[in-house]
Amino acid sequence: QVQLVESGGGLVQPGGSLRLSCAASVTIFRFNAMGWYRQAPGKERELVARITIGGSTKYADLVKGRFTISRDNARNTMYLQMNSLKAEDTAVYYCNANSPANDYWGQGTQVTVSS
């Protein structure tokens, strides 16, 4: 069963913005920290941002000041607001939820930053 579903990816110009969404099941949302990862062609999957159940956040150095991760507890949805996008942000972005006992992944959404 699909329990994490990403949306919001697309093609944008450098300097533009996108907001990614990750819809989760209520059980996953309640009991797991969540985050966004990305994988560019030929590169390893890397952490972009994480958020705990309580709302504490951390970011990769490359996106600090440009990206914002958030959780909407009423909608069981996580977001990634991406501003000032650069060509090197081009990747497939994946939603993740994990705990010591669980590790869930979405199918990914493509983000392409190009003129």
Over all atoms of both residues, closest heavy-atom pair of Q13 and S115
NE2-O, 4.5 Å

Between M34 and A24, which heavy-atom pair has the shortest distance, and what is it?
CE-CB, 4.1 Å

Is there a chain of hydrophobic side chains (I, L, V, M, F, W, Y, each step under 4.5 Å between heavy atoms) that links V12 to V63?
yes

Is it the case that more than 12 heavy atoms not belonging to E88 sit under 6.0 Å from its CD atom?
yes

Any donor-acceptor pair under 3.5 Å from E6 side chain to Q107 backbone:
yes

Looking at residues at least two apart in the chain, or sitting in another chain, which of them share a ring-ring contact (aromatic ring centres under 6.0 Å, His included) with Y37?
W105

Atom pair CE/CG of M78 and N73 - distance to nearest 0.5 Å:
12.5 Å

May I ask you to check if R71 and Y79 form a cation-pi contact, with NZ or CZ under 6.0 angstrom from the six-membered ring centre and within 45° of the axis?
no

Are Y94 and I69 connected into the same hydrophobic cluster when the rule is that any two of I, L, V, M, F, W, Y join if their side-chain heavy atoms are below 4.5 Å apart?
no

About how many Å separate OG of S114 and CG of L11, when rounded to the nearest 0.5 Å?
6.5 Å

What is the distance from atom CG of L80 to atom CZ of F67, rounded to the nearest 0.5 Å?
6.0 Å

What residues join F31 in its hydrophobic cluster, counting side-chain heavy atom gaps under 4.5 Å, either direct or through other members?
none

Point-to-point distance, once rounded to the nearest 0.5 Å, from OH of Y93 to CE of M82
5.5 Å

Flag, side chain of T112 to backbone of T90, donor-acceptor distance under 3.5 Å
no

Which pair of heavy atoms, one from T52 and one from A33, lies closest together, and at what distance?
CA-CB, 4.2 Å

Go through the steps for T57 and Y59 under the test side-chain contact (heavy atoms from CB on, under 4.5 Å), then give the verdict.
CA-CA 7 Å; T57 61; Y59 297 90; 3.7 Å; yes

Is a side-chain donor-acceptor pair under 3.5 Å present for T77 with D72?
no

Other members of the hydrophobic cluster containing V26, with the 4.5 Å side-chain heavy-atom rule, please.
none

Mind checking side-chain contact (heavy atoms from CB on, under 4.5 Å) for S84 and listing every partner two or more places apart, or none if nothing turns up?
R66

By salt bridge (Lys or Arg N to Asp or Glu O under 4.0 Å), R19 pairs with (sequence neighbours left out) none

Distance-minimising heavy-atom pair for N83 and S17
OD1-OG, 2.9 Å

If I take atom CD1 from residue I28 and atom SG from residue C95, how far apart are they, to the nearest 0.5 angstrom?
8.5 Å

Does either side chain, that of Y104 or that of N102, offer a donor lying less than 3.5 Å from an acceptor on the other one?
yes

Any idea which heavy atoms bring C22 and L4 closest together, and the distance?
SG-CD2, 4.0 Å

D89 and K86 ion-paired at < 4.0 Å
no

Donor-acceptor pairs under 3.5 Å, side chain of residues 41-49 to any protein atom, not counting sequence neighbours: which ones?
unit_1: E46; atom_1: OE2; unit_2: R38; atom_2: NE; d: 2.8
unit_1: E46; atom_1: OE2; unit_2: R38; atom_2: NH2; d: 3.4

Locate the shortest heavy-atom distance separating L20 from T109; write the atom from each residue and the value.
CD2-CG2, 4.0 Å

